[in-house]
Amino acid sequence: MADSHRQWSTHGKSKQRNPISRSRSELKKRQILSKRWGAPQFAYGSLIWKPEIEHVGERSGVLHGWHRSFCLRQLRFRATPENPGLMMSLDQGGECQGVLFELPEEDLETQLDRLFRREFTVKPNTNEPRWVTVDTDSAPVEALAFVMSRTSELYAGDIPLEEVADILARCCGHLGTGAEYLLNTVTQLEARGLHDPQLWRLQELVSERIGPV
């Protein structure tokens, strides 16, 4: 990617502390519901091992044109303003193996409300809902995914893998460590027979920095 990573600033009041706009969240949710009721959700990271909403089935798929990337800067959750971290998002380019969760049609609006509250944790939004086409063993499937907004001030760009490993090995917040976040994702992908070479390499680098437990 052409974008270089941005310098971090931990001084002053973080915009991550601002509440989300309920009206904006509601509008996005309504747009999703009006387009397709009951379409699957494409999960690629923590939603695989910690789903926010109920699902009635799952299957693997490949999303082209997007890839997993630790491109979302974080000052809370698994980080602090004094020790900032990174979280995964879907960034432009490449491809991504992930999981399609089949959502129940019953009470879907309430389920989506919970999901949007999870994804829209800051203002303006860092993750944007988007309809994407995911290839499966049977046929392409239209699904709901949340992708990185490159206009966000928290977009970190393409950070070298070694630097990402340094950050994940040391960042920690009230939800746990960055290393745990990475390990959970790798473990859940592996359990489903999915392999992301860059993510596995990142896991090796983080393990080297942490050392034996």
Side-chain angles (χ1 to χ4, degrees), residues 1 28-29 31-33 35-72 77-78 86-108 111-120 126-149 158 161 164-165 168 175-176 178-207:
M1 289 183 295
K28 292 287 188 180
K29 184 181 67 177
Q31 289 172 343
I32 295 298
L33 288 171
K35 179 173 176 62
R36 183 67 57 83
W37 185 275
Q41 174 199 356
F42 182 75
Y44 57 89
S46 62
L47 281 173
I48 297 177
W49 46 269
K50 191 178 180 182
E52 187 63 39
I53 59 180
E54 299 175 5
H55 58 278
V56 295
E58 68 172 71
R59 54 180 162 161
S60 300
V62 180
L63 173 61
H64 296 281
W66 301 88
H67 69 283
R68 281 185 200 84
S69 175
F70 278 91
C71 61
L72 175 56
F77 303 125
R78 295 180 183 271
L86 290 168
M87 291 186 69
M88 274 189 292
S89 188
L90 284 176
D91 202 5
Q92 298 173 22
E95 65 178 36
C96 178
Q97 293 181 317
V99 178
L100 285 166
F101 286 129
E102 301 292 338
L103 307 180
E105 294 191 6
E106 297 79 12
D107 199 26
L108 182 58
Q111 297 287 340
L112 285 177
D113 185 61
R114 292 171 55 191
L115 177 62
F116 274 58
R117 285 178 177 274
R118 169 171 168 159
E119 294 296 323
F120 294 169
T126 56
N127 289 325
E128 293 289 342
R130 179 184 291 254
W131 290 105
V132 296
T133 300
V134 180
D135 288 339
T136 70
D137 289 338
S138 56
V141 174
E142 189 176 26
L144 170 65
F146 289 87
V147 305
M148 183 71 212
S149 171
D158 186 16
L161 210 60
V164 174
L168 295 181
L175 290 184
E180 178 187 38
Y181 172 79
L182 171 63
L183 178 61
N184 285 341
T185 304
V186 168
T187 300
Q188 290 299 316
L189 287 173
E190 186 174 34
R192 291 168 170 82
L194 303 177
H195 186 76
D196 183 328
Q198 180 163 282
L199 210 61
W200 263 247
R201 175 54 182 157
L202 182 58
Q203 174 62 34
E204 293 176 355
L205 293 173
V206 172
S207 296

Practice problem: Would you please name every residue forming a side-chain hydrogen bond (donor to acceptor under 3.5 Å, both in side chains) with Trp66, sequence neighbours left out? | Solution: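 Once residues adjacent in sequence are excluded, Trp66 has no partner under the side-chain hydrogen bond (donor to acceptor under 3.5 Å, both in side chains) criterion.
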Practice problem: Could I get the full list of side-chain hydrogen bond (donor to acceptor under 3.5 Å, both in side chains) partners for Gln198, not counting sequence neighbours? | Solution: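 Not a single residue meets the side-chain hydrogen bond (donor to acceptor under 3.5 Å, both in side chains) criterion with Gln198.
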Check [X] against [Y] and note the closest heavy-atom contact, atom names and distance.
{"X": "Pro129", "Y": "Leu144", "answer": "CB-CD1, 4.0 Å"}
{"X": "Gly98", "Y": "Leu194", "answer": "O-CD1, 3.7 Å"}
{"X": "Ala43", "Y": "Leu47", "answer": "CB-CB, 3.9 Å"}

Is a donor on one side and an acceptor on the other found under 3.5 Å between the side chain of [X] and the backbone of [Y]?
{"X": "Arg78", "Y": "Leu168", "value": "no"}
{"X": "Arg68", "Y": "Tyr44", "value": "yes"}
{"X": "Gln97", "Y": "His195", "value": "yes"}

Practice problem: List the steps, then state whether side-chain contact (heavy atoms from CB on, under 4.5 Å) holds for Gln92 with Met148. | Solution: CA-CA 8 Å; Gln92 298 173 22; Met148 183 71 212; over 6 Å; no
Self-check item: Rounded distance (nearest 0.5 Å) linking atom CZ of Phe146 with atom CD of Glu128
Solution: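 The distance works out to 9.5 Å.
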Quiz item: In a check of side-chain contact (heavy atoms from CB on, under 4.5 Å) between Ile48 and each of Thr185, Asn184, Thr187, Leu189, which one passes?
Solution: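 Output: one option passes, namely Leu189.
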Quiz item: Is any side-chain heavy atom of Met88 less than 4.5 Å from a side-chain heavy atom of Leu199?
Solution: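 Met88 reaches Leu199 side chain to side chain.
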Quiz prompt | Side chain to side chain, Leu183 and Val206, heavy atoms closer than 4.5 Å | solution =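 Contact flag for Leu183/Val206 side chains = no.
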Practice problem: Can you sort out the partners of Glu190 under salt bridge (Lys or Arg N to Asp or Glu O under 4.0 Å), two or more places apart, ordered by chain and number? | Solution: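 Per chain and number, Glu190 pairs via salt bridge (Lys or Arg N to Asp or Glu O under 4.0 Å) with no residue.
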Quiz item: By salt bridge (Lys or Arg N to Asp or Glu O under 4.0 Å), which residues pair with Glu58, not counting sequence neighbours?
Solution: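 Testing Glu58 for salt bridge (Lys or Arg N to Asp or Glu O under 4.0 Å), a comparison that skips the adjacent residues, returns Arg192.
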Exercise. Tell me, please, which residues at least two apart from His64 pass ring-ring contact (aromatic ring centres under 6.0 Å, His included).
Key: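 ring-ring contact (aromatic ring centres under 6.0 Å, His included) list for His64, sorted by chain: empty.
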Practice problem: With sequence neighbours left out, write down each residue that passes side chain to side chain contact (heavy atoms under 4.5 Å, CB included) with Ala145, or none if nothing qualifies. | Solution: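 Ala145 satisfies side chain to side chain contact (heavy atoms under 4.5 Å, CB included) with Phe42, Leu90, Val132 once adjacent residues are dropped.
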Exercise. Would you please test Val141 and Arg59 for side-chain contact (heavy atoms from CB on, under 4.5 Å) and show each step?
Key: CA-CA 11 Å; Val141 174; Arg59 54 180 162 161; 3.5 Å; yes
Exercise. Look at the aromatic rings of Tyr181 and Phe70 and report parallel, tilted or perpendicular, splitting at 30° and 60°.
Key: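 Plane angle over 60°, so perpendicular.
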